[in-house]
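Let me begin by presenting the structure, written as structure tokens, before commenting on it.
When reading the values below, keep in mind they use all heavy atoms of this one structure, side chains included, and skip hydrogens, waters and symmetry mates. Quick caveat, the model's predicted, so the values are computed rather than measured.
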Amino acid sequence: MKIFFRSISIIAVFILNSTVISAPINANPEEKIDLVIESNKIFDPNKLSIDSLQMFEKNFHVDSRNIEKVGKDKTKIEEIESFLVTTKLEELKKLKQDDQRAFGRLLYKLGDFYTYILRSPQLAIDKMILANNFLHNKEDKAKIYNQLGYLYELKFSKSKQDADKSPALFYADQVINKFYPHNKNNEVAFAYVIKGLIERDQKNFGNAEKYLQEALQLYKNKVDEQYIITQNRLAEVILAMNDRDQEALKILEDLKSYWQKKQITLNYFVAKTCLVLGEAYLKLNYGTEAKTELEHAVQIFQTIFGEQSDLLIKPYQLLSSVYNRLGERKRAQFFNKKAQSLMH
């Protein structure tokens, strides 16, 4: 039941069987503030507080495809970070289980934001480790461990340090051997993806292909986005083997058709498909096609992550190579300089 008032100074509330009643209240008739009255709690569901944890978490979603929503997400991110600074963790650990789980899931989503929007693995790791203290069932734990494995793999892909490789493998192996030793589900599939990416980072492409193929076998829904993303990663590995370029090209062209049919455009993984497809075209001497795909990748990366993102280095380098092939030396130098400027 909802009751709407333009302006009131006193709220009278009747609660029957824990029914949630929402009443807009404000001093300014032009503004509306929805207050939720539930059991012994009164709160604004759009403001994060201990009382609003469950509803705030339920309404907060990270979607890297929707750029307008990402902008709104950033306001909520600031609110969550402020809440973390001003609220004692000891106080949160005394909450009932449903509230603790809501807080843990909120931290998990915050980690997702730092992973897929800001591309800041260490910030995401900090939030995932904190979330692990508040999420206790096996399904939640497996998701956290997979994300931690993936985040450490992201770090390892740049650092090549055992300090990042070891925890990446640890978390992936825990999902496979501890949480689901007899149940080969999507979480196990993603753990194998992580192991494949670690092998790819070390240029062990045969092992990388083996793990990624195993993951593809485990994904139940063959048009699920994670299945498609894993195919993209497999194509990248196959392309790196140098003698299977046409095989990689076929996978990538199919993936491009998938994104187009789904009408998904401003997405990190769409950009990755364009990037690897552009590289495949370049290797096969299709210069014009390579240029089109690489420029599309640049456009998406710039829109989502800004013009100073290090994700632009590789497409700029490849565009420099494309323009050299096409005999346009000035354009080649231009993109080479742009790549160099982001490496410092």
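Under 4.0 Å is where a charged nitrogen must lie from a carboxylate oxygen, and between Arg101 and Glu57 no such pair does. Look at Asp310 and Lys158 and you find a salt bridge, because one of the NZ, NE, NH1 or NH2 atoms lies within 4.0 Å of a carboxylate O, short of that distance. Between Lys88 and Glu91 there is no salt bridge, since no side-chain N of the basic residue sits under 4.0 Å from a carboxylate O of the acidic one. Note on Glu153 versus Arg200: salt bridge recorded, some NZ/NE/NH1/NH2 to OD/OE distance being below 4.0 Å. Using a 4.0 Å cut-off between charged side-chain N and carboxylate O, Lys314 and Glu279 make a salt bridge. Taking a cutoff of 4.0 Å between a charged side-chain nitrogen and a carboxylate oxygen, Lys291 and Glu328 do not qualify as a salt bridge.
You'll find the ring centres of Tyr268 and Tyr116 outside the 6.0 Å limit.
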Q: Just do the side chain to side chain donor-acceptor pair (under 3.5 Å) check on Gln317 and Asn336 with the steps written out, would you?
A: CA-CA 6 Å; Gln317 289 172 331; Asn336 184 54; over 6 Å; no
Q: I would like to know whether Glu225 and Tyr258 meet side chain to side chain donor-acceptor pair (under 3.5 Å); could you show each step before the answer?
A: CA-CA 10 Å; Glu225 204 164 290; Tyr258 169 86; 4.7 Å; no
Q: Check the pair Asp173 / Lys195 against side chain to side chain contact (heavy atoms under 4.5 Å, CB included), numbers first and verdict last.
A: CA-CA 9 Å; Asp173 286 336; Lys195 291 170 78 72; 2.8 Å; yes
Q: Take Asn186 and Leu218 through the side chain to side chain contact (heavy atoms under 4.5 Å, CB included) test and state the conclusion after the steps.
A: CA-CA 7 Å; Asn186 282 4; Leu218 292 175; over 6 Å; no
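Among all heavy-atom pairs drawn from Tyr152 and Pro167, the shortest one is CD2-CG, 3.5 Å. Of all heavy-atom pairs spanning Tyr108 and Ala131, the tightest one is N-CB, 4.0 Å.
Residues Leu277 and Lys256 form a side-chain contact, since some pair of their non-hydrogen atoms from C-beta on lies under 4.5 Å apart. In this structure, Met128 and Tyr145 have side chains that are not in contact, with every pair of non-hydrogen atoms separated by 4.5 Å or more. Side-chain contact between Asn185 and Lys220 is present, with at least one heavy-atom pair separated by less than 4.5 Å. Contact of the Asn267 side chain with the Ile300 side chain is not registered, since no non-hydrogen atoms from C-beta on lie closer than 4.5 Å. Contact check for Glu79 versus Leu84: no side-chain heavy atoms found under the 4.5 Å cut-off. The closest side-chain heavy-atom distance from Phe205 to Glu199 is not below 4.5 Å. Side-chain contact between Leu110 and Glu81 is present, with at least one heavy-atom pair separated by less than 4.5 Å. Side-chain contact between Asp99 and Ile50 is absent, with no heavy-atom pair separated by less than 4.5 Å.
For the 3.5 Å distance criterion, the side chains of Ser157 and Asp201 fail to qualify, holding no donor opposite an acceptor. In this structure, a donor-acceptor pair under 3.5 Å is absent between the side chains of Glu293 and Tyr286. No donor-acceptor contact under 3.5 angstrom links the side chains of Asn232 and Glu236, judged on distance only. For the residue pair Asn132/Lys141, the side-chain donor-acceptor check at 3.5 Å is satisfied. Side-chain contact check for Lys155 and Gln161: no donor-acceptor pair (N or O, by modelled atom type) lies under 3.5 Å. Side-chain atoms of Lys283 and Asn242 form a donor-acceptor pair, as typed in the model, at a separation below 3.5 Å.
The backbone N or O of Leu311 lies less than 3.5 Å from a partner atom in the side chain of Ser309, making a donor-acceptor pair. Under a 3.5 Å cut-off, the side chain of Ser82 and the backbone N or O of Glu78 do not form any donor-acceptor pair. For the pair Thr303 (side chain) and Gln299 (backbone), a donor-acceptor distance under 3.5 Å is present. Using a distance-only test at 3.5 Å, with no hydrogens or angles considered, no donor-acceptor pair links the side chain of Arg233 to the main chain of Leu212. Proximity of a side-chain donor or acceptor of Ser49 to a complementary backbone N or O of Ser52 within less than 3.5 Å is detected. Glu289 places no side-chain N or O within donor-acceptor distance of the main-chain N or O of Gly278, the cut-off being under 3.5 Å. A side-chain donor-acceptor contact under 3.5 Å links Asn137 to the backbone of Asp140.
We find the CD1-OH distance between Ile125 and Tyr150 to be 12.0 Å, quoted to the nearest 0.5 Å. Rounded to the nearest 0.5 angstrom, Ile313 CD1 and Phe301 CZ are separated by 11.5 Å. The structure places CZ of Phe269 at 9.0 Å from OG1 of Thr230, a figure rounded to the nearest 0.5 Å.
The local environment of NZ in Lys143 is sparse, with at most 12 non-hydrogen atoms from other residues, nucleotides or ligands closer than 6.0 Å.
Hydrophobic clustering keeps Val85 apart from Ile80 (ILVMFWY residues linked when any side-chain heavy atoms are closer than 4.5 Å, directly or through intermediates).
Below 30°, between 30° and 60°, or above 60°: for Tyr323 and Phe335 the angle between ring planes is below 30°, a parallel geometry.
By the 6.0 Å and 45° rule, Lys76 stacks over the aromatic ring of Phe56.
Applying the side-chain hydrogen bond (donor to acceptor under 3.5 Å, both in side chains) definition to pairs two or more places apart or across chains, none involves residues 175-184.
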